[in-house]
Amino acid sequence: MLSINVALLLAVIVFLRLRRRTEARSRFDEKMTVVIVLALGIILAPTDLGQGIASLLGQLVSGVSQAAQ
């Protein structure tokens, strides 16, 4: 039986949707992309990968804010 990692599937869908030209997108298409990205974020957030990404982004934001002072 084939098992599909939902986060990986959503990441591939997001990648394919973002490769399209901006001029070719309708408002509905843009809204659907936002919904898919939010779903991907919700799926990744409680995982170790999601926590690592959040930590990395926090360090990056902290470094940028300290460099700006």
Side-chain angles (χ1 to χ4, degrees):
M1 184 165 165
L2 178 68
S3 68
I4 298 173
N5 185 344
V6 177
L8 180 62
L9 179 63
L10 283 176
V12 169
I13 291 171
V14 167
F15 176 76
L16 293 175
R17 290 180 72 88
L18 292 178
R19 283 187 46 206
R20 293 179 53 201
R21 291 187 325 201
T22 304
E23 298 85 22
R25 295 184 190 156
S26 65
R27 288 190 184 267
F28 177 76
D29 194 30
E30 290 177 352
K31 289 178 184 177
M32 186 58 68
T33 301
V34 169
V35 169
I36 292 170
V37 169
L38 286 174
L40 179 62
I42 291 170
I43 290 172
L44 285 180
T47 64
D48 291 336
L49 175 64
Q51 296 300 318
I53 292 171
S55 174
L56 179 70
L57 289 176
Q59 291 174 1
L60 180 66
V61 169
S62 175
V64 168
S65 66
Q66 288 178 359
Q69 292 177 353

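The shown structure was predicted, so the numbers you read here are calculated from the model rather than taken from an experiment.
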Enquirer: Which residue pairs pass the side chain to side chain donor-acceptor pair (under 3.5 Å) test with at least one member in residues 44-67, sequence neighbours excluded?
Expert: none
Enquirer: Kindly list each side-chain donor-acceptor pair under 3.5 angstrom involving residues 10-19, sequence neighbours excluded, with atom names and distances?
Expert:
from: Arg17; atom 1: NE; to: Thr33; atom 2: OG1; distance (Å): 3.0
from: Arg17; atom 1: NH2; to: Asp29; atom 2: O; distance (Å): 3.0
from: Arg17; atom 1: NH2; to: Asp29; atom 2: OD1; distance (Å): 2.2
from: Arg17; atom 1: NH2; to: Thr33; atom 2: OG1; distance (Å): 3.4

Enquirer: Give a yes or no on whether Ile42 and Met32 share a hydrophobic cluster (residues Ile, Leu, Val, Met, Phe, Trp, Tyr; joining criterion: side-chain heavy atoms under 4.5 Å apart).
Expert: no
Enquirer: Each residue besides Leu38 in its hydrophobic cluster should be listed here, by chain and number; the cluster joins Ile, Leu, Val, Met, Phe, Trp and Tyr at side-chain heavy-atom distances under 4.5 Å.
Expert: Val34
Enquirer: Out of curiosity, does Leu8 fall in the hydrophobic cluster containing Ile43 (side-chain heavy atoms, cut-off under 4.5 Å, transitive links)?
Expert: no
